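Every value quoted in this text rests on a predicted model; they were computed, and no experiment measured them. Chain identifiers are assigned alphabetically (A, B, ...) following the order of the sequence lines, protein sequences preceding nucleic acid strands; residue numbering begins at 1 within each chain.
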Amino acid sequence: MEKKKMENLLNELNDSQREAVVYCDGAQLVIAGAGSGKTRVLTYKIAYLLQQYNLAPWNILALTFTNKAAREMKERIARLVGEERARYLLMGTFHSIFARILRSEAAAIGFQSNFTIYDQSDSRSLVKNIIHEKGLDDKEYKPAAVADQISMAKNHLIMPDAFGSCSLFDPRHPQVATIYKMYAMRCRQANAMDFDDLLVQTFLLFSEHEDIRRKYVEKFHYVLVDEYQDTNFAQQRIVYLLTRERQRVCVVGDDAQSIYSFRGADIDNILNFRDAYTNARLFKLEQNYRSTQLIVKAANSLIRKNERQIPKDVYSHNEQGERLQLKPAQSDREEALIVCNDIKRLRRKEDLQWNDFAILYRTNAQSRSFEEQMRKDNIPYRIYGGLSFYQRKEIKDVIAYFRTIVNPDDEEALRRIINYPTRGIGDATVKKIAGAATEHGVSLWAVILQPMLFGLQVAKSTATKIDAFRQLIEGWRERLGTEDAYELGHSIIQESGITKDIYSSHEPDDLSRQENLQEFLAGMQDFVESRREEDRGDETSIADFLQEVALLTDLDSDKDSDQPKVSLMTVHSAKGLEFPVVFIVGLEENIFPSPMCTDSMRALEEERRLLYVAITRAEKHCILTCAENRFRFGRLEFDTPSRFIRDIDPSLLQVDGGNSDRQSFASPRLPWQAQNAHPVATQFKAAPMPRAVSRTKPEPAVDPLSPQFKQLLHTARSGQTNAFTAGRGGNTSSLRRIDTQATHTPPHKDGTGGGSLLREGTIIEHQRFGIGTVVRLEGEGDNEKATVAFRNAGTKQLLLKFARYKIVNS
DNA sequence: CGGCCCCGCGTTTTT
DNA sequence: CGCGGGGCCG
C-alpha cells in the first residue's frame with residue numbers, strides 16, 4: 001500500500017526530478033535552475049527515503065539556510081508521509097542544528113551547555129571593547145570591519161593562531177591577529193559563541209573527537225543540504241566530516257543563485273563538489289515551472305554574461321507572456337508613483353490580490369519612498385527585513401537580562417544591563433571590573449561574585465551597589481529551574497525596573513516600546529503554551545526560550561500574513577519566494593550593482609546573479625525601474641542606469657515611453673526622459689558640455705564605470721560643499737563638481753526665508769545643461785521653479801528642489 | 001555619575 | 001536625514 005502511494009507520488013514528477021529523487025546510492029549533486037521544483041525534489045526524496053528505504057526520520061538530517069525553509073519543507077513532508085513521522089525529522093538551519101549538537105557536547109570543547117549565542121552586534125561590541133582596551137585607534141581599526149574580518153576567517157576555518165599567516169591578513173593592520181586571539185579568549189571566558197563559532201566549534205568537535213564524530217555519523221544515515229551554493233567552507237567541511245564514509249549525501253542548489261559571498265559563501269563549493277566526492281553524480285533540473293517563457297529567456301540572457309557557472313539550459317513551457325519592462329523615472333518619488341500606479345492598474349486588470357505583488361530592492365534604505373507612496377494610496381504593504389523585532393533596544397535589553405540569568409558569564413549581556421535601568425554602576429566602575437577580569441583571566445561575573453579576591457578597588461558605596469546587583473541576579477537564577485519562561489520573564493521585567501523606566505513616560509516612541517514589550521511577553525506565553533501542547537513541558541524555561549529566539553529572524557514571524565499585502569524586501573530576502581508580479585527598483589549604477597562590488601569580476605558576477613535571482617522570482621510580470629535623480633544620504637544624487645540593463649537581450653526588454661503615469665507628477669522633464677528614447681541608447685549620448693566660464697577649473701572627464709569615478713563619488717559624498725554629476729557615459733563622459741552654495745534652500749521652520757538666490761537675469765551654470773540665464777521664477781518653497789534659457793540646451797524649466805547649479809554672475 | 005546636546009558619519013546584502 | 005557615540009556640564 002505504501003509502495004503504491006509512493007509510485008503515485010513519483011508520477012507527479014518529471015523525468016529529471018524523478019531520477020534525482022530515486023538515486024540514493026551515493027553522493028549526489030542536484031543543480032536546480034530557478035523555479036525548477038527544487039524543494040519538491042527534496043521533499044519527495046525525503047518521503048522516498050522514509051517509505052522506500054524505511055529510514056527512520058531521526059536518521060535523516062536536512063540542512064537549510066532559513067528557519068522558514070525548514071518549516072515549510074517539514075509541512076510539505078508531513079502532507080506526504082503524515083505528521084507523526086515528519087515530526088522527528090532532523091531538519092533545520094545549519095546554525096540551529098549545530099547549536100543543539102554543541103549544547104549536548106559542550107564539555108568536549110570546553111564550554112558549558114548553557115553558553116549564549118552572540119549576535120552580530122554583540123560581536124562588534126566585544127571587538128570594540130578589545131580595540132579600546134588595547135589603546136588602538138578605532139578609526140584605523142574600525143570595529144565593524146575587524147569583526148567582519150574575524151568572521152571571514154572563521155568561515156574559512158582559520159584559527160586565531162593561523163590568522164597572521166593567512167591570505168586574509170592585511171599587513172597594514174597587523175593588530176587584527178591579536179584582536180582575533182583576544183576575541184576568542186573573551187568568548188570562552190564569557191561562555192559564549194558567535195554565529196560563526198556555531199560552525200567552527202562544530203567542525204572542531206567533529207575533527208578532534210573521533211568518537212563523537214562516529215556517534216553522529218552513525219546517527220545521520222542520510223544528509224541533505226538545501227541551497228548548497230550558499231554554503232561556506234566551514235559548512236562544507238562539516239558536511240564532509242559527516243558523510244565521507246557512507247557518501248549518502250544529496251546537495252541541491254543553483255550556482256546561478258549564489259549571492260552570499262559576503263557571508264563567506266563560496267561558489268566553488270558547488271562548482272567543485274565532485275572534487276570532494278569523486279563518485280558524485282550530477283543531476284540537472286532545467287524546466288522552470290514558475291515563470292513565463294520571456295521572463296526565463298530574459299533572465300538567461302543576463303546570466304550568460306557570467307563566466308563562472310555550470311552550463312545549463314533553463315526553459316519554460318508556460319505561456320510566452322510579456323517582455324520585461326523598463327520604466328525610467330525622474331526621481332525616487334516618481335519611481336514609487338509609477339510602481340504604485342502599476343500595482344493598482346494590474347490588480348484591476350488581471351484580478352490579482354495585493355499579496356501577488358512584490359517590490360524588490362538592493363538595499364533596505366530604498367524602501368522609504370515606496371512606503372510613503374503606498375501610505376498615500378492606501379495600498380496595504382509589509383516590509384520584510386530591516387531591523388528585526390529582536391534587535392530593538394527594549395527587546396534586546398530584556399533579552400540581555402535573560403541571558404545574564406542563564407549564563408552570568410555572558411559579558412556583553414552583563415555590560416548591557418549592569419546599569420540599565422540606572423543603578424549607580426557607571427562607566428568608570430565597569431571599566432574597573434573589566435580591568436580586574438582581564439588581569440586575572442576571568443569573566444566579569446566572577447569579579448562581581450568575589451570582588452576582594454580579584455582585587456577590585458571601588459568606593460564603599462559602589463561596592464554595595466555592585467553587591468545589590470549580584471543579589472538581584474542570583475535571586476532570579478534560583479528560580480530558573482522552577483518557573484517557566486513567561487512567569488520568570490514577567491517578574492524580571494517588573495523587578496528589574498524596566499517596566500518603571502518605559503511606562504513612566506508618554507513620549508510617542510516610549511509608547512511603541514511598551515507595545516513591543518507587551519508583544520514580546522505574549523510571544524513568551526505562546527512559546528510556553530505551544531511547548532506544553534507539543535508534550536515538551538520540560539523545555540519551557542528561559543534557557544529554552546533563548547535558544548529558540550537567538551537564531552530567529554524577522555522573516556519567521558508571519559503575524560498578520562492572513563491580510564493580503566504587497567511585499568517589500570531586499571532581493572536577498574526574496575530568495576526562495578515567487579510572486580505573479582515583481583518590481584525590481586533602483587536599477588542604477590551605484591545602487592545595483594552596489595559600488596562596493598564593482599572592483600572585482602567575482603563580486604560583479606555575484607551582483608549579476610543577484611539580479612538574476614530577482615527576475616526569476618516573477619511568474620507573469622517583471623517590471624524594472626530606475627530613477628535618474630535620487631535622494632540619498634539626505635542629498636540629491638544623479639545616477640546612470642545600471643550596466644546590467646545592457647546585459648539583458650534588448651529584444652526581451654520593453655522600454656516604457658512617456659505615459660499617463662508620469663503626467664500626474666509635477667516635475668520637469670529632463671532630456672533623458674523627454675526624448676522618449678531607449679535609455680540604453682540615451683545613456684551613451686553625451687550631455688552638452690558647457691564651455692567653462694567660471695573660475696573653477698573643469699574636472700577631467702571620468703568614465704562612470706572606472707575606479708576613479710568611485711573615488712570621486714566618495715569624495716563628493718563626504719564633502720559638504722560639492723555635489724557631483726556623471727555625464728552620460730561612454731568615452732565622452734564627464735564628471736564635474738558644482739558648488740552647492742547657491743542651490744535652493746528649504747524654508748525655515750516658521751515658513752519664512754528659504755528659496756533660491758536666483759533673480760531674473762541671473763546666469764547660472766547647471767550641472768547638466770551648462771550655462772544659462774534665468775528667464776522667469778515662479779512658485780514657492782519646494783515648488784519653486786525657474787525657467788532658464790541655456791546656451792547649448794534650449795529653454796528648460798527646473799524644479800529648484802531637484803536642481804544643482806551654481807551662480808556664475810547675477 | 002547621569003543627562004543632555006552636538007557632531008559626525010554612514011548605508012550592501014544576513015544566518 | 002537619523003542614529004549613535006562622545007564630550008561636556010551639572
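Checking A:Ile150, A:Val146, A:Val127 one by one against A:Tyr180, the side chain to side chain contact (heavy atoms under 4.5 Å, CB included) holds for a single residue, A:Ile150. With A:His95 as the fixed residue, the side chain to side chain contact (heavy atoms under 4.5 Å, CB included) test singles out one of A:Leu198, A:Asn67, A:Ile117: A:Leu198.
Taking atom NE2 of A:His95 as the reference point, atom P of B:dT15 lies 9 Å away to the nearest angstrom. Between the P atom of B:dT15 and the CG atom of A:Leu63 lies a distance of 16 Å, rounded to the nearest Å. Note: CG (A:Leu360) to P (B:dT13) measures 14 Å, nearest angstrom. Counting to the nearest Å, the P atom of B:dT14 and the CD1 atom of A:Ile383 are 13 Å from each other. Between the CE atom of A:Met152 and the C1' atom of B:dT15 there is a distance of 14 Å, rounded to whole Å. For A:Gln366 and B:dT13, the CD to C1' distance is 11 Å, given to the nearest whole Å. Straight-line distance from the CD atom of A:Glu605 to the P atom of B:dT13: 22 Å, rounded to whole Å. In this structure, A:Ile466 atom CD1 and B:dC1 atom C1' are separated by 14 Å, rounded to whole Å.
With sequence neighbours left out, the side chain to side chain contact (heavy atoms under 4.5 Å, CB included) criterion links A:Pro593 to A:Glu589, A:Thr598, A:Leu604, A:Glu607, A:Ser642, A:Arg643, A:Phe644.
Taking atom C1' on both nucleotides, B:dT13 is separated from C:dG4 by 22 Å, rounded to a whole Å.
For the OP1/OP2 pair of B:dT14 and a distance below 4.0 Å, the side-chain nitrogens and oxygens of A:Asn364 include at least one atom meeting the criterion. Of the side-chain N and O atoms in A:Thr429, one or more sit less than 4.0 angstrom from OP1 or OP2 of B:dC1.
No salt bridge links A:Arg103 with A:Asp544; every basic N to acidic carboxylate O contact stays at or beyond 4.0 Å. Under a 4.0 Å N-O distance rule, the pair A:Arg609/A:Glu606 qualifies as a salt bridge.
Here the nucleotide nearest the side chain of A:Ala365, chosen from B:dT11, B:dT14, B:dT15, is B:dT11. Here B:dT13 is the nucleotide among B:dT11, B:dT15, B:dT13 with the atom lying nearest to any side-chain atom of A:Thr363.
Between A:Lys142 and A:Ile259, the one whose closest nucleotide on DNA chain B sits nearer the 5' end is A:Lys142. Residues A:Ser594 and A:Lys465 each lie close to DNA chain B; by heavy-atom proximity, the contact nearer the 5' end of the strand is made by A:Lys465.
Judged by the 6.0 Å distance and 45° axis criteria, A:Arg382 is positioned over the aromatic ring of A:Tyr384.
Residue A:Phe65 is in sugar-phosphate contact alone, with no base atom involved, counting any heavy-atom pair closer than 4.0 Å across all strands shown.
Taking CZ from A:Phe111 and OG1 from A:Thr116, the interatomic distance works out to 9.5 Å, rounded to the nearest 0.5 Å. The distance from atom OG of A:Ser123 to atom OH of A:Tyr183, rounded to the nearest 0.5 Å, is 3.0 Å.
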Taking it one step at a time, do A:Asp254 and A:Lys38 satisfy salt bridge (charged side-chain N to carboxylate O under 4.0 Å, His left out)?
CA-CA 9 Å; A:Asp254 180 7; A:Lys38 168 178 67 98; over 6 Å; no
Mind running side chain to side chain contact (heavy atoms under 4.5 Å, CB included) on A:Leu242 and A:Leu61 for me, showing each step along the way?
CA-CA 10 Å; A:Leu242 287 172; A:Leu61 173 66; 4.3 Å; yes
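Under the stacking definition used here (centres under 5.5 Å, planes under 30°), the residue A:Tyr260 fails to qualify as stacked on the base of B:dT14.
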What does nucleotides 2-8 of chain C look like as a protein-contact string, B for base, S for sugar-phosphate only, - for none, at under 4.0 angstrom between heavy atoms?
S-SSS--
Do any N or O atoms of the protein come closer than 3.5 Å to N or O atoms of nucleotides 2-5 of chain B, and which pairs are they?
unit_1 : atom_1 : unit_2   : atom_2 : d
B:dG2  : OP1    : A:Gly424 : N      : 2.9
B:dG2  : OP2    : A:Asn419 : ND2    : 3.0

